[in-house]
Structure formats: structure tokens, C-alpha cells
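The residues of the chain are indexed from 1 along the displayed sequence.
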Amino acid sequence: MDTMRERFASVTSRLLEEDPRLAVVLADIGTAGFAEAAQRHPDRVVNVGIREQLLIGVGGGLALTGLRPILHTFASFLVERPFEQVKLDFGHQGVGGVLVSAGGSYDWPSGGFTHMAPGDIALLDTLDGWTVHVPGHPDEAETLLRHAASAGDDKVYVRLSAQANHAPRAVDGAGFRTLREGRGGVVVAVGPMLDHVLAATEGLDVTVLYATTVRPFDAAGLRAAAGAAGSADVVLVEPYLAGTSTRFANEALEDLPHRLLGLGVGRQELRRYGQLDEHLAAHGLDPHGLRERIAGFVAARP
């Protein structure tokens, strides 16, 4: 199976052939995957070098000319480092584009903390109007990338990951999908966390929702699942900063008595970088850690 990043390069190269409005902007990272596309479309595949602020500025400029820019690099260099440009060159200028990240929270541990961005979506949440997709499989990434590329002039963030679920699910760029139904609460699994959540909740009487589009947050879907479950006990399992979506879940359930647990990446920097699986375990996001915390939360209901 190819990776999400490999699928991104192949799909986007094909999209460049299909849609003359699309352009790709890179900052050295990922250029190999677009070598052939750059030869075919030198005016629409631009590498600005290791200049992440310029990456965003060029993308915003292309959008002002009527093109649909697709920008790619590691999440820490796409959202965190050039955040002022994201805020001004897209939001303030009122133009759209597609930001496609890699690296995520701990996908390349040996790269160190400079290449980790567990707070990327929390940071984007300070801005208005961004759609956020978090695919859990390369097939889902392709569907959501195509959706983002054709989304008019919307501002879209696609968060790719080295971690992937074993099988794709049908995604539509909209609400959450119900995979299991139970009466003891609702667990929302975001993107690549699904397999671990399914393993962790095996045998538990809980509803499992699968989320690959997290902004806009599917408030109606969460309310419906909580009502069907007969319990407004909700656990959010996100592959980025713990608690990132708790505000949205609280707003969705604001008129209902409810308990909420946000699981994800902790704020403490893990300086022994190790491997991806070790980071999952350290943050309690492996099946064992999730089982312990989800089961304990559900069992503690008053």
C-alpha cells in the first residue's frame, strides 16, 4: 500500500492535468514526487526553497490571480512557522487554497521537535472559515484531496499521516460516520486513530463514530449519536493535541447534561524521540492505553 504522501503526489499530479486552475507550491520538501509534473507544468509547479513564509505568500498571490493553489510541506512548517502569512495572505485577503501537510504530531520522531506539530489544528481554530480533513487511509486521502481541490475558493487544510488504518472507509468530506452502536456512551475516532479505537472498544457497549472531516465539526451527528446511545458521555480521540475539539463537542451538547473526555497528544515534549509506535504508547493512544482510559471513563458514570 502506498503512503498518504505518495498518494498525494500522484493524485495531485493527475489533477494538474485535469484542471488548469490548479497550481502546486512546494518548499523543497516533496519535490521528488512532483518532478515529472514540474517538467510538464513549469508555470504551475513552483518550488520556493526552504522559505516557508514565502511558500504561503506565493500561494496567496496565486489565489489572487484566480488560481487554486495547493501548498505542501511538514505541518510544523506549513501552519506553525508561517502562521502570520496564513492569517493574512489567505484569511485577510479573502482568498482560498489547499494546505496539505505531512509529519503531523510525531510521524518522523528522529526529526525532533522541530518537525512535530500536534498543535496545528488548534492553531487553525483561531482563524475563521477553514475546512479541515484528517484522512485515515490513502484512499480516503485521495477522495478528500479531490474534494478540496474542487472546493471553489474555500480554505482547506488536509492533514496527512504516516499512520494509517488497515482499510479505507467511505468518506464524503462532511459528517461523522457511525461504525458501531452502543448504549454506554460515544467515542469519536479521528482519522488514523480508528483502528486503535476499534480495538480498544471491542466488547464495550459504546457507539463509535469515525471522523475524517473535523472542521466544520459535525455537531448534529454527535448529538444524534448521543441521543441514540441514551448517554451524553463522549470521548474524543484525536491524533493531535488532546482536547482540540472539546469546545466544539461541548457546544454541540450545551443543552444536555454530558461528560466529555478529550484524548490525544500531551503537551509535554518527549525528548527521547524513539519511533512512532512508542509515541503512541507514551501518549496513551495505543489500544491498551485507550482501552484503559475509555473503559474507566465509561465505568465512572454517576
Side-chain angles (χ1 to χ4, degrees), residues 118 120-122 124-137 140 143-144 147 154 156-159 161 165 168-202 204-265 284-285 290-291 293-302:
D120 54 346
I121 293 177
L124 279 179
D125 278 343
T126 66
L127 305 178
D128 181 51
W130 282 88
T131 295
V132 179
H133 300 307
V134 187
H137 186 277
E140 297 169 5
T143 298
L144 295 172
H147 190 280
D154 290 354
V156 183
Y157 179 50
V158 183
R159 192 185 204 261
S161 176
N165 302 315
R169 307 282 174 163
V171 297
D172 60 5
F176 302 163
R177 179 180 176 185
T178 303
L179 298 186
R180 285 182 186 161
E181 294 185 351
R183 302 288 297 177
V186 178
V187 181
V188 181
V190 175
M193 297 311 306
L194 177 61
D195 280 359
H196 287 350
V197 167
L198 290 175
T201 57
E202 185 68 36
L204 296 181
D205 186 23
V206 296
T207 292
V208 176
L209 300 182
Y210 183 40
T212 54
T213 298
V214 296
R215 303 290 182 273
F217 187 85
D218 186 9
L222 179 59
R223 284 181 62 88
S231 170
D233 290 346
V234 175
V235 181
L236 299 174
V237 184
E238 303 175 282
Y240 32 83
L241 194 65
T244 295
S245 296
T246 53
R247 172 172 68 89
F248 298 93
N250 275 322
E251 290 173 356
L253 303 170
E254 62 184 358
D255 60 335
L256 301 174
H258 65 277
R259 297 189 307 142
L260 184 62
L261 175 64
L263 302 180
V265 180
L285 296 175
L290 289 172
R291 176 78 176 198
R293 291 197 282 178
I294 293 170
F297 179 74
V298 172
R301 183 194 310 168

Next item on the list: For side chain to side chain contact (heavy atoms under 4.5 Å, CB included), just list the numbers for Leu263 and Leu290, CA-CA rounded to whole Å, side-chain angles, deciding distance to a tenth of an Å, and then say yes or no.
Entry: CA-CA 8 Å; Leu263 302 180; Leu290 289 172; 3.9 Å; yes
Notebook entry, point to check: Would you say Asp128 has more than 12 foreign heavy atoms packed within less than 6.0 Å of its CG?
Noted result: no
Check: How far apart are the closest heavy atoms of Asp205 and Gly182, and which atoms are they?
Finding: OD1-CA, 3.2 Å
Next item on the list: Could you pull out the closest heavy-atom pair between Thr207 and Ala225, with the gap in Å?
Entry: CG2-CB, 4.3 Å
Next item on the list: Report the C-alpha separation of Ile121 and Leu241 in whole Å, then their side-chain angles, then the decisive distance to 0.1 Å, and conclude whether the side chain to side chain contact (heavy atoms under 4.5 Å, CB included) test is met.
Entry: CA-CA 8 Å; Ile121 293 177; Leu241 194 65; over 6 Å; no
Margin query: Quick check for you: to the nearest 0.5 Å, what is the distance between Leu209 atom CG and Asp218 atom CG?
Written below: 8.0 Å
Next item on the list: For Val134 and Pro192, work out which heavy atoms get closest and say how close.
Entry: CG1-CD, 4.0 Å
Item checked: Distance (rounded to the nearest 0.5 Å) between Leu179 CG and Tyr210 OH -> 8.5 Å
Item checked: Candidate pair His133 and Thr212, rule side chain to side chain contact (heavy atoms under 4.5 Å, CB included), full reasoning -> CA-CA 6 Å; His133 300 307; Thr212 54; over 6 Å; no
Next item on the list: Of all the heavy-atom pairs spanning Ala219 and Ala252, show the shortest one and how long it is.
Entry: CB-CB, 3.6 Å
Check: Which pair of non-hydrogen atoms, one from Ser245 and one from Tyr240, has the smallest distance, and what is that distance?
Finding: OG-OH, 4.5 Å
Notebook entry, point to check: Under the 3.5 angstrom rule, does the side chain of Asp172 hit a backbone N or O of Ala174 as a donor-acceptor pair?
Noted result: yes
Next item on the list: Would you mind reporting whether Thr213 and Val171 have side-chain heavy atoms less than 4.5 Å apart?
Entry: no
Checklist line | Any side-chain heavy-atom pair of Phe217 and Glu251 under 4.5 Å | finding: no
Next item on the list: Answer whether the closest heavy-atom distance between the side chains of Arg169 and His137 falls below 4.5 Å.
Entry: no
Notebook entry, point to check: Within the distance-only criterion (no hydrogens, no angle test), does the side chain of Arg291 pair as donor or acceptor with the backbone N or O of Glu202 below 3.5 angstrom?
Noted result: yes
Note to self: Under 6.0 Å from the ring centre and within 45 degrees of the ring axis: does the NZ or CZ of Arg215 meet both conditions for the six-membered ring of Phe248?
What the structure shows: yes
Notebook entry, point to check: Under 4.5 Å between any side-chain heavy atoms of Val158 and His147, yes or no?
Noted result: no
Note to self: To the closest 0.5 Å, what do you measure between CG (Leu236) and CG (Leu222)?
What the structure shows: 7.5 Å
Item checked: Arg293 side chain to Gly284 backbone, donor-acceptor under 3.5 Å -> yes
Check: So, for Pro239 and Val265, which heavy atoms are closest and what is the spacing to 0.1 Å?
Finding: O-CG2, 3.9 Å
Next item on the list: Give a yes/no verdict on a cation-pi contact between Arg259 and Phe297, requiring under 6.0 Å between NZ or CZ and the six-membered ring centre and an angle within 45° of the axis.
Entry: yes
Next item on the list: Say whether, by atom type as modelled, one donor and one acceptor occur between the side chain of Glu238 and the main chain of Gly262 under 3.5 angstrom.
Entry: no
Next item on the list: Please lay out, stage by stage, how Asn250 and His258 fare under the test side chain to side chain contact (heavy atoms under 4.5 Å, CB included).
Entry: CA-CA 8 Å; Asn250 275 322; His258 65 277; 2.7 Å; yes
Next item on the list: Give a yes or no answer on whether the side chain of Asn165 reaches the backbone of Asp195 with a donor-acceptor pair at less than 3.5 Å.
Entry: yes
Check: How long is the gap from CG on Leu204 to CZ on Arg183, to the nearest 0.5 Å?
Finding: 16.0 Å
Next item on the list: Can you establish whether the number of heavy atoms outside Glu181 located under 6.0 Å from its atom CD is more than 12?
Entry: no
Margin query: What's the separation between atom CE in Met193 and atom CG in Leu285, rounded to the nearest 0.5 Å?
Written below: 4.5 Å
